[in-house]
Amino acid sequence: AQSVTQLDSQVPVFEEAPVELRCNYSSSVSVYLFWYVQYPNQGLQLLLKYLSGSTLVKGINGFEAEFNKSQTSFHLRKPSVHISDTAEYFCAVRMNRDDKIIFGKGTRLHILP
Amino acid sequence: KAGVTQTPRYLIKTRGQQVTLSCSPISGHRSVSWYQQTPGQGLQFLFEYFSETQRNKGNFPGRFSGRQFSNSRSEMNVSTLELGDSALYLCASSLGRRGLEEQFFGPGTRLTVL
């Protein structure tokens with residue numbers, strides 16, 4: 001069965017420090033990969049997506065992610081976080097076979113002053 | 001361009017009642033998806049509609065149903081509410097039916113079942 005694992009439920013990071021949010025998936029078919037951000041009391045907003053081509057994907061707000069097919073990972077990174085990055089981040093996988101989308105359980109990013 | 005709107009934003013019901021939530025997609029978007037978000041289970045896919053037809057369905061009991069109208073507006077209904085149905089229900093719209101396209105999410109309807 002397909003699944004998405006976000007290894008860290010919470011990640012505390014000092015402001016201006018780099019951060020990596022981890023995402024691993026399991027699937028026997030090809031996939032599309034997404035990262036979404038949810039600010040408090042809001043819906044989800046797309047940060048970036050991988051459909052094909054270059055494995056390094058750049059998104060909004062300075063975030064980027066790298067698709068690693070051999071490790072079935074799609075980790076999200078930012079070189080220097082800001083207090084406004086405080087939010088919950090969701091990794092999602094959409095299966096090519098049936099277009100169903102599966103979300104990870106989310107990682108809360110806490111920015112420390 | 002207006003974003004995805006969901007009504008109502010907050011709802012309180014009691015066990016056994018039924019509820020209907022509404023979603024208006026971005027103008028021109030024909031695909032609408034619904035998700036349930038809870039602290040324990042995270043985001044779970046409910047169903048997806050395109051041009052008034054259900055395309056995909058998640059693993060939810062038959063008490064959860066939905067429909068889409070000709071103007072792409074969508075409603076979801078939950079009958080015989082249970083305490084475990086308390087959640088944030090999110091609606092997302094996209095232009096077409098393929099999964100390549102970005103989904104735009106509404107702010108959600110927070111349902112509390114007492």
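Note on naming: letters A, B, ... go to the chains in the order of the sequence lines (proteins, then strands), and numbering restarts at 1 for each one.
- The neighbour count for A:R77 CZ, taken as heavy atoms of other residues, nucleotides or ligands under 6.0 Å away, is above 12.
- Heavy atoms of other residues, nucleotides or ligands lying less than 6.0 angstrom from CG of A:N41 number 12 at most.
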Legend entry - From CA spacing to verdict: side-chain contact (heavy atoms from CB on, under 4.5 Å), B:F104, A:Q45: CA-CA 7 Å; B:F104 293 83; A:Q45 180 183 3; over 6 Å; no
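- Within the 4.5 Å cutoff, the side chain of A:Q38 has heavy atoms near those of the B:L88 side chain.
- Around CZ of A:F14, the count of heavy atoms belonging to other residues, nucleotides or ligands within 6.0 Å does not exceed 12.
- One finds the CD atom of B:E102 at 9.0 Å from the CZ atom of A:F34 (value rounded to the nearest 0.5 Å).
- Under the side-chain contact (heavy atoms from CB on, under 4.5 Å) rule, B:L43 has a single partner from A:V4, A:I102, A:L44, A:I101, which is A:L44.
- Using a 4.0 Å cut-off between a side-chain N of Lys or Arg and a carboxylate O of Asp or Glu, A:R94 and B:E48 qualify as a salt bridge.
- A centroid separation of 6.0 Å or more is found between the aromatic rings of B:F45 and A:F103.
- The local environment of CD in A:E15 is crowded, with over 12 non-hydrogen atoms from other residues, nucleotides or ligands closer than 6.0 Å.
- Only the side chain of B:R9 comes within contact range of chain A, with at least one heavy atom under 4.5 Å from a heavy atom of that chain.
- No part of B:Q44 comes within reach of chain A, as not one of its non-hydrogen atoms sits under 4.5 angstrom from that chain.
- Within 6.0 Å of CZ on B:R63 lie more than 12 heavy atoms contributed by other residues, nucleotides or ligands.
- Atom NZ of A:K58 has 12 or fewer neighbouring heavy atoms from other residues, nucleotides or ligands inside a 6.0 Å radius.
- Annotation for B:R73: atom CZ counts as buried by contact number, over 12 foreign heavy atoms lying within 6.0 Å.
- Without hydrogens or angle criteria, A:K105 side chain to B:G40 main chain gives a donor-acceptor distance under 3.5 Å.
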